[in-house]
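For reference, the structure discussed in these notes is given below.
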Amino acid sequence: MECIPNVLMAALHLAHVTKNIKLGCGFNITPMWHPLRLAEDYATADILTGGRVIFGVGRGYHTREVETFGAPLLDQPANRELFEEQVDIIFKAFNNESFSHKGQALHLAPDGCRIAATS
């Protein structure tokens with residue numbers, strides 16, 4: 001019930017002390033993460049566990065999960081747009097050695113990234 005602040009770290013520990021079990025959480029609230037950091041952490045965990053970590057994403061539904069980090073929640077169209085952009089970035093990171101992205105919330109280039117100004 002939200003008592004583990006980073007489920008992936010717990011999964012890595014459990015994978016280290018077990019041999020076969022697959023581990024993961026139902027979903028990671030993408031507005032609480034930078035999408036590249038989330039992709040990097042799960043890619044690293046996938047390698048360290050031999051593919052035993054399960055990845056899932058969600059938009060979030062509590063203001064503490066989303067608006068605390070400056071992302072919209074009560075504006076559902078904006079929340080969905082941010083979520084879809086973040087998932088697009090995550091899958092680009094999983095499936096490409098190098099990529100760029102220019103979206104509404106994030107601009108990423110192979111040599112760095114920045115958060116786009118919002119109006």
Side-chain angles (χ1 to χ4, degrees):
M1 306 303 276
E2 298 180 5
C3 62
I4 298 173
N6 191 323
V7 174
L8 182 58
M9 294 295 102
L12 279 173
H13 168 69
L14 292 171
H16 176 72
V17 297
T18 63
K19 292 184 181 185
N20 298 316
I21 191 169
K22 288 193 173 211
L23 302 153
C25 65
F27 48 86
N28 296 277
I29 306 302
T30 59
M32 293 178 67
W33 293 78
H34 186 286
L36 281 181
R37 176 64 188 265
L38 185 60
E40 288 172 345
D41 287 357
Y42 270 84
T44 301
D46 184 60
I47 292 166
L48 293 174
T49 65
R52 294 192 293 142
V53 174
I54 300 167
F55 178 73
V57 294
R59 288 172 45 194
Y61 64 94
H62 295 294
T63 54
R64 72 178 181 278
E65 293 176 323
V66 178
E67 291 185 347
T68 304
F69 295 93
L73 175 69
L74 299 178
D75 181 349
Q76 286 295 305
N79 176 276
R80 182 170 190 88
E81 185 176 308
L82 176 62
F83 170 77
E84 288 177 356
E85 183 174 345
Q86 289 176 315
V87 170
D88 184 44
I89 290 168
I90 291 166
F91 281 96
K92 284 179 181 177
F94 283 162
N95 296 306
N96 298 284
E97 187 172 316
S98 178
F99 71 94
S100 62
H101 173 87
K102 186 170 184 177
Q104 292 291 335
L106 291 164
H107 297 180
L108 309 170
D111 61 345
C113 67
R114 71 174 180 82
I115 297 174
T118 57
S119 52

For Asn96, side-chain contact (heavy atoms from CB on, under 4.5 Å) partners two or more places apart
Lys92, Phe99

Are side-chain heavy atoms of Glu84 and Arg80 found at a separation under 4.5 Å?
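The answer is yes; the side chains approach within 4.5 Å.
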
Once rounded to the nearest 0.5 Å, what's the spacing between atom [atom1] of [X] and atom [atom2] of [Y]?
{"X": "Leu82", "Y": "Leu106", "atom1": "CG", "atom2": "CG", "answer": "7.0 Å"}
{"X": "Ile90", "Y": "Leu38", "atom1": "CD1", "atom2": "CG", "answer": "4.5 Å"}
{"X": "Ile89", "Y": "Leu108", "atom1": "CD1", "atom2": "CG", "answer": "4.5 Å"}
{"X": "Arg59", "Y": "Asn79", "atom1": "CZ", "atom2": "CG", "answer": "4.5 Å"}
{"X": "Leu8", "Y": "His13", "atom1": "CG", "atom2": "NE2", "answer": "13.5 Å"}
{"X": "Gln86", "Y": "His101", "atom1": "CD", "atom2": "NE2", "answer": "9.5 Å"}

[X] side-chain N/O to [Y] backbone N/O, donor-acceptor pair under 3.5 Å:
{"X": "Gln104", "Y": "Glu81", "answer": "no"}
{"X": "Asn28", "Y": "Val57", "answer": "no"}
{"X": "Arg37", "Y": "His34", "answer": "no"}

For Phe55, give me all partners under ring pair (Phe, Tyr, Trp, His ring centres under 6.0 Å), at least two apart in sequence or on another chain.
Tyr42, Phe94

Which residue in the set Thr18, Leu14, Leu12 passes side chain to side chain contact (heavy atoms under 4.5 Å, CB included) when paired with Arg52?
Thr18

What about Ile54 and Val87, same hydrophobic cluster or not, with Ile/Leu/Val/Met/Phe/Trp/Tyr joined at side-chain heavy-atom distances under 4.5 Å?
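The answer is no; the residues belong to distinct hydrophobic clusters.
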
Give the cluster check for Met9 versus Ile21: same hydrophobic cluster or not, with ILVMFWY residues linked at side-chain heavy-atom distances below 4.5 Å.
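No, Met9 and Ile21 fall in different hydrophobic clusters.
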
Minimum heavy-atom separation for Ser100 to Ala109, with atom names?
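Shortest heavy-atom contact: CB-CA, 4.1 Å.
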
Where Thr49 and Ala15 come nearest, the two heavy atoms and their spacing:
CG2-CB, 3.5 Å

